[in-house]
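What follows is a single structure, written as structure tokens, with notes after it.
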Amino acid sequence: MKARLAEILQQAAAELPAVHSRPEFEAAKARFVGPNGALTACMKQMASVPKADKPALGKLINDAKTALAALLDAARERLDAAELAAALGKPVDPTLPSPDTPNGSLHPLTQTRDLITGTFKKLGFAIADGPELESEWFCFDALNMPDDHPARDMQDTLFLPPDARSSTTRRGNEAYVLRTHTSSVQIRVMLARKPPIRILSPGRAFRRDTTDATHSANFHQVEGLWVDRNVTVRDLKSILDAFVRELFGDSVRTRLRPSYFPFTEPSFELDIKAANMGRLSDRWIELGGCGLVNPRVFENVGINPGEWTGLAFGMGLERVAMLLHGIDDIRHFYANDLRFLRQFA
Ligand code: PHE
């Protein structure tokens with residue numbers, strides 16, 4: 001029996017390392033330790049062994065069992081490792097650069113937005129944000145736009161279906177609109193904070209416009225608001241001048257042209273003229289609207305107009321980007337044409 005056990009172990013040590021598949025492994029395992037295996041046969045013979053020899057032979061069998069188990073484990077681990085390697089495919093070096101990584105770059109509108117916000121941050125403005133879906137109160141009423149104001153006409157404003165009415169806004173049951181301008185953020189900020197306030201709010205705006213070279217139903221604006229004691233038109237002019245010079249250089253000229261907005265009084269259009277604006281050089285170009293905050297707006301948000309004054313301005317981001325880069329069609333910004341976008345990489 002002793003010789004038989006040694007023979008079995010020898011066989012196992014020779015055969016198991018040569019096993020290369022699961023079925024081969026299972027077959028070999030059955031041959032050695034299965035119910036009809038070689039070791040099992042030895043154990044059955046124990047019944048007919050003289051009593052005196054039993055302890056010694058029993059120990060030999062146990063040792064053989066342990067040795068076989070170790071050989072089987074080693075073979076199984078080898079198979080596991082081989083199967084894992086096959087599943088993973090070729091070994092990869094994750095530290096190598098990927099073979100195809102074209103560098104992305106910021107969209108020209110994003111670049112322009114960052115340029116504008118960076119400039120106003122230097123002037124002490126913080127960035128503020130507000131929702132694109134607004135109730136009429138924030139978009140119009142609070143900004144002193146009476147019910148019959150032309151901007152509230154269905155032509156200009158995108159309304160949500162009547163069943164999507166607000167029950168949580170100041171006036172309760174009012175329509176939701178896609179904000180037609182970022183001026184709604186002025187209202188939100190003034191309701192949330194006490195003056196002095198100095199914020200800039202870039203974001204999307206929406207109008208019922210038919211798309212052409214200079215119009216888009218979805219565009220972007222940058223809104224500015226400064227509320228403090230004794231803010232004047234001088235401050236408005238000097239802030240906008242500093243901003244425009246930062247963007248277009250020192251040779252640019254600015255002009256505040258009298259205009260009308262319900263939420264500012266007096267109101268102006270900011271025009272600029274520069275020699276380096278391509279096709280639009282040396283002509284007065286409108287950049288945006290501005291003015292001093294109308295006292296009625298202060299009243300609507302609970303700020304005392306006897307104590308506080310303010311200035312506000314709003315401009316189109318696309319307009320600024322078009323002037324900066326000599327782009328003549330607003331639709332380029334939304335077409336996602338890589339030939340266009342790569343020029344700003
Ligand atoms: N909200 C105005 C517009 O969309 C721009 C503006 C903002 C004018 C702030 C004055 C003050 O045209």
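Both ligands and their constituent atoms are indexed starting at 1 by order of listing.
Checking His181 against Gln221 by side-chain atom types alone, no donor-acceptor pair falls below 3.5 Å. Using modelled atom types, one finds no donor on one side chain facing an acceptor on the other under 3.5 Å when comparing Ser216 with Asn218.
Residue Arg22 qualifies as enclosed at atom CZ: its count of foreign heavy atoms under 6.0 Å is above 12.
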Enumerate, one pair per line, all nitrogen or oxygen atoms of ligand 1 lying under 3.5 Å from a protein nitrogen or oxygen, stating the separation to 0.1 Å; write 'none' if no such pair exists.
| from | atom 1 | to | atom 2 | distance (Å) |
| --- | --- | --- | --- | --- |
| ligand 1 | 1 (N) | His181 | ND1 | 3.0 |
| ligand 1 | 1 (N) | Ser183 | OG | 2.9 |
| ligand 1 | 4 (O) | Arg207 | NH2 | 3.0 |
| ligand 1 | 4 (O) | Gln221 | NE2 | 3.0 |

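Between Phe120 and Phe313, the distance from one ring center to the other falls under 6.0 angstrom. Residues Phe333 and His325 place their aromatic rings such that the two centres sit no closer than 6.0 Å.
When all heavy atoms of Thr157 and Phe140 are compared, the closest pair comes out as OG1-CZ, 3.5 Å.
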